[in-house]
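Note sheet for the following structure.
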Amino acid sequence: MPEKIYDHNLIELQRCEEWAASDLYKAEENSSKPKYYVLEMLPYPSGALHIGHIRNYSIGDALARYMWMRGYNVLHPMGWDAFGLPAENAAIKNQCPPREWTLQNIAKMKQTHSRYAFSYDWDREVTTCEPDYYRWNQWFFLRMLEQGLAYRKQALVNWCSKCATVLANEQVVDGCCWRHEDTPVEQRALEQWFLRTTAFADELLNDISQLEGNWPDRVLTMQKNWIGRSEGAEVDFEVESYGKVRVFTTRIDTIYGATVLILAPEHEIVRTLLGAEAQAAAKKMVDARAQQGPGDVEKEGFFTGLHAVNPFSGEKMQVWVGNFVLMGYGTGAVMAVPAHDERDFEFCRKYKLPIVPVIRPEDGELPDAELMTVASGEYGIVESSAQYSGMKSQDARKAMTAYAEAQGFGKAAITYRLKDWGVSRQRYWGTPIPVVHCPEHGVVGVPDDQLPVLLPRQVELTGQGRSPLAAVPEFVQTTCPKCGGPAERETDTMDTFVDSSWYFYRYCDAKNSNAPFDPAKIAYWFPIDQYIGGVEHAILHLIYSRFWTKMMKGLGLTPNDEPVKKLFTQGMVIANGAKMSKSKGNVVGADSVAERYGADTARLFALFAAPPEKDMDWTDAGVEGIYRFLGRVYRFATRNLPLSEVKGDGSTDAKVLRKLHQTLKKITNDFDTRWHFNTSIAALMELVNECYASEAGLSSAAMGQVIQIITMMLAPFAPYLAQQLWEEVGNTGPVLKQPWPAADEDLARENEVEIVVQLNGKVRARLVVAAGISSAELEAAALGDEKVRELLEGKTIVKVIAVPGKLVNLVVK
RNA sequence: GCCCGGGUGGCGAAACUGGCAGACGCAACGGACUUAAAAUCCGUAGACCUUCAAUGGUUGUGCGGGUUCAAGUCCCGCCCCGGGCACCA
């Protein structure tokens, strides 16, 4: 029974081919087993997997394999988020058509996937850039169009005057075009498509309660903030020679302190009522906002020359335009209450506009406008406010809102920070929006039976001009589905977040050519039991996905409110101390690691180096350590096979089996509760260390049990080695389909425990006692111990704390 | 500015419910094997002090207080690092 040297190529390469050709990982339809849907976020096919991907997939794969062994019908699919800008950019650079570039990348990455033996059911693969997928994007879009959930409106886009094209947000670098660093982007208004996410704002917010406990709190908090519901009132201010201007405020109780009406630079009044000079100034503000990144921006504004009337006080107030007033929130106009709002205060002080305090603290005086250095935003008692004076803020809010409503110049209102989802992209590599513009009938949806609207293959991509599709006459020129007359196709394509908003439904029925999926299949597989991905998708992808599910529920396609039952967000991978990035050139590729150390080592290290939710540092030395560990396991097993040749006298059986079953208990618990696989693997290492130390005394029977259970415990983490050992022992078939072993409590039980004896909290002695004795017995044992008696000489015991299994603390004087 | 995380040896980390701080791994050092090296196996190891030595002692989880028989863990006040949001009226 000579030991065998661990050679990852020998163990992995052939098996990799076998598994790729097998149907080992197929999910069953119509199974009697309980289902488990585990999902990792689908990658963008950039061309190569790196260790960040490997970490993500190793977590999901370990879980999938564990659940298989627990007897579940596991659905574990994978696909490609294949539309998007990089393909288009690559095309412009290398003259390679986006589709070709993308499919080549997918082929390469799929090969790496199979090298790593991730347990995906590739029969369900989804590639979002293929017509059999994106036609359903179009189908959904048409449903939303019918329901008024998809609509068009004017919206601003980033525009580079040199490229004469629309830029995506990620193509804007420091406020300038990514290809013309000296050319600041401008904002241009274009007619664009939107999805009415705000129609579900309340549901998206309220249903967060269904996710609590199963999604990370910080993700839920981020989503709540993103939705940003706030309650207040809308109030009309009469503006001379214009009419009513509506504002939204959460502090109607301060309205007697409103001294200025401030409009967003995009406000209608600016366009319709003001002169060229004012319009130019407003335009400058809009462009400046696009160019400035986040950070403190100096407040700017100008007087419009117009005046408004405060509907409560009847006071005349100036109307200004301010760069800090957002058109996209509320009504695009605010009543400025400088005494009680920090931003208004800053603005009014800068432009020497009046400041009128109207709220005093419950136990204080009304602040003096002359002496104020900061606004006070607190609630308090309303003063200088006619009949409302003396009321508490909260009561005044109600009373004033009611009055405004009764008088017909206002009402209670709720505003969200969440905006409708702009899905138009003036890009080529995305799903064509399936509508036609007819001179007669306006916007007409393409009939379902004409889907998909195919993305033309032959398109010249220059990065210049309007949407690339607009330059393809065969695409643009069509007929109106209603009247048959000449018409033009929409040339915008969809945001790629559309693709990823529902791809996980398609996995359940990936080949359906009559519908996006069969609702019966969804009803079986959904919700996703465990979704795993990067926290960077905490907001957009996960809100859009939730929105999509709610929209689908409205269509009767799914019974669920929420698509994802449990969410896990894993940490980033740092490579040898530095954040991995292409520009730094320190991206650790999955292929090279597999070649050098094998997939098992890479996977195990990805799980060992840190708990999965935290950032981890990938170090070459650390990987070596894992490789050594796998070698230790393999050598130990092989030199003790066949078991018939193991001649140990059994003297260490109890000790090793105790450790074995304790380890099994721990790992089972880690899977079922906290996923700290780093400690699971550390426990396996401890076990193997114990095996080495006690090897000679192990009987053949115990050895068999040890090797068998170690093999099973390794199976979710290191599938190649586990299968190899499984077969070396003499078993056949996949270890993956073996039942997960149950820990034997009797064998795991410690019969003796070491107890520390403390004097005033300091460890002074140790004693070994039988496990499970009561605290009274423990106390007696400690006081009876010779060393303890020595230590106690001349001292008085004040108090004794005895904690069974842990310690005895003697408080002495 | 606001909201989350986090700060433990030379390094990655562990300590799950307040109960022996540093499991496990990396790097380091010592030994065995070897002609030698690699590989492998065994061992040492927070810091400081004391002892020929076994050992014994002090100190130690970002800083300062507090609660407790007992604090990395709980409470109060700060400092630093990372992430998210950022004029949301």
Side-chain angles (χ1 to χ4, degrees), chain A residues 3 5 216-222 224-226 228-230 232 247-251 254 258 262 264 289 293-299 322-326 328-337 340-344 346-347 377 415-419 535-536 538-539 571-572 574 577 579 605 608-611 613-626 628-629 631-632 635 666 669-670 673-674 676 678-689 692-693 754-763 766 798-812:
Chain A
E3 65 183 25
I5 297 304
D217 282 340
R218 62 178 174 141
V219 171
L220 296 180
T221 308
M222 281 191 227
K224 277 183 209 158
N225 294 340
W226 190 260
R229 180 189 147 103
S230 55
V247 304
F248 173 75
T249 177
T250 54
R251 292 299 302 276
T254 65
I262 311 179
R289 187 180 295 151
D296 259 340
V297 174
E298 171 77 15
K299 287 185 178 42
N323 65 341
F324 69 100
V325 179
L326 305 174
Y329 182 80
T331 60
V334 299
M335 60 175 213
V337 184
H340 303 295
D341 181 281
E342 202 49 60
R343 298 152 301 180
D344 297 343
E346 204 185 314
F347 189 83
T415 295
Y416 298 90
R417 186 187 173 282
L418 181 76
K419 298 188 188 94
V535 73
E536 64 273 19
I539 300 177
M572 272 189 331
I574 313 281
K579 189 169 169 168
F605 183 67
F608 175 70
E613 74 278 7
K614 284 184 41 176
D615 290 352
M616 71 161 283
D617 196 3
W618 185 279
T619 61
D620 298 339
V623 179
E624 294 271 359
I626 291 293
R628 275 200 288 267
F629 168 67
R632 263 166 89 76
R635 287 194 311 275
K666 185 203 160 21
N669 182 54
D670 282 342
T673 61
R674 50 176 215 156
H676 277 201
N678 54 328
T679 65
S680 308
I681 294 162
L684 273 173
M685 289 172 168
E686 280 186 63
L687 171 61
V688 171
N689 291 345
Y692 268 66
E754 193 186 59
I755 297 290
V756 300
V757 181
Q758 300 178 333
L759 253 62
N760 292 338
K762 295 198 171 169
V763 180
R766 288 157 197 280
V798 181
K799 194 173 175 185
V800 181
I801 296 104
V803 184
K806 305 268 185 191
L807 53 65
V808 177
N809 189 10
L810 304 169
V811 185
V812 298

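Values reported hereafter were calculated over all heavy atoms of this structure, with side chains retained and with hydrogens, waters and symmetry mates removed.
Here A:Y692 does not reach the OP1 or OP2 of B:C42: none of its side-chain N or O atoms lies under 4.0 Å away. For A:N689, a side-chain nitrogen or oxygen approaches OP1 or OP2 of B:G25 to under 4.0 Å. Close to B:C42, at under 4.0 Å from its OP1 or OP2, lies a side-chain N or O of A:R632. Taking side-chain N and O atoms only, A:R289 has no distance below 4.0 Å to OP1 or OP2 of B:C87. Between A:N678 and B:C24 there is no side-chain N or O to OP1 or OP2 distance below 4.0 Å. Under 4.0 angstrom from either OP1 or OP2 of B:A89 there lies at least one side-chain N or O belonging to A:S230.
In this structure, A:K762 reaches the sugar-phosphate backbone alone: every heavy-atom distance under 4.0 Å involves primed, P, OP1 or OP2 atoms, never a base. Among the heavy atoms of the strands lying under 4.0 Å from A:D615 are primed sugar atoms or P, OP1, OP2 only; no base atom is included. Nucleic acid contact for A:G761: none, since no nucleic acid atom lies under 4.0 Å from a heavy atom of the residue. Base engagement by A:R766 is indicated by at least one non-hydrogen atom pair under 4.0 Å involving a base atom. Across all strands, A:V325 comes closer than 4.0 Å to base atoms (heavy-atom distances).
Side-chain N/O atoms of A:R218 and base N/O atoms of B:C3 include no donor-acceptor pair closer than 3.5 Å. One donor-acceptor pair, N or O on each side, does fall under 3.5 Å between the base of B:C87 and the side chain of A:K299.
With B:A89, B:A13, B:C41 as the choices, the nucleotide that has an atom nearest any side-chain atom of A:A610 turns out to be B:A13. Among the nucleotides B:A14, B:G19, B:C16, the one closest to the side chain of A:V803 is B:G19.
Mapping A:I681 and A:R674 onto RNA chain B via the closest heavy atom, the residue that lands nearer the 5' end is A:R674.
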Requested in this report: With pairs defined as Watson-Crick or G-U wobble and both distances under 3.5 angstrom, please note down RNA chain B as a dot-bracket string, | for pairing with another strand.
Outcome: (((((((..(((......[....))).(((((.......))))).((((......))))..(((((..]....))))))))))))....

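Against the 90° criterion about 0, the sugar-base torsion of B:G9 places it in the syn range.
The two residues A:G332 and A:V325 make their nearest non-hydrogen contact at O-CG1, 3.7 Å.
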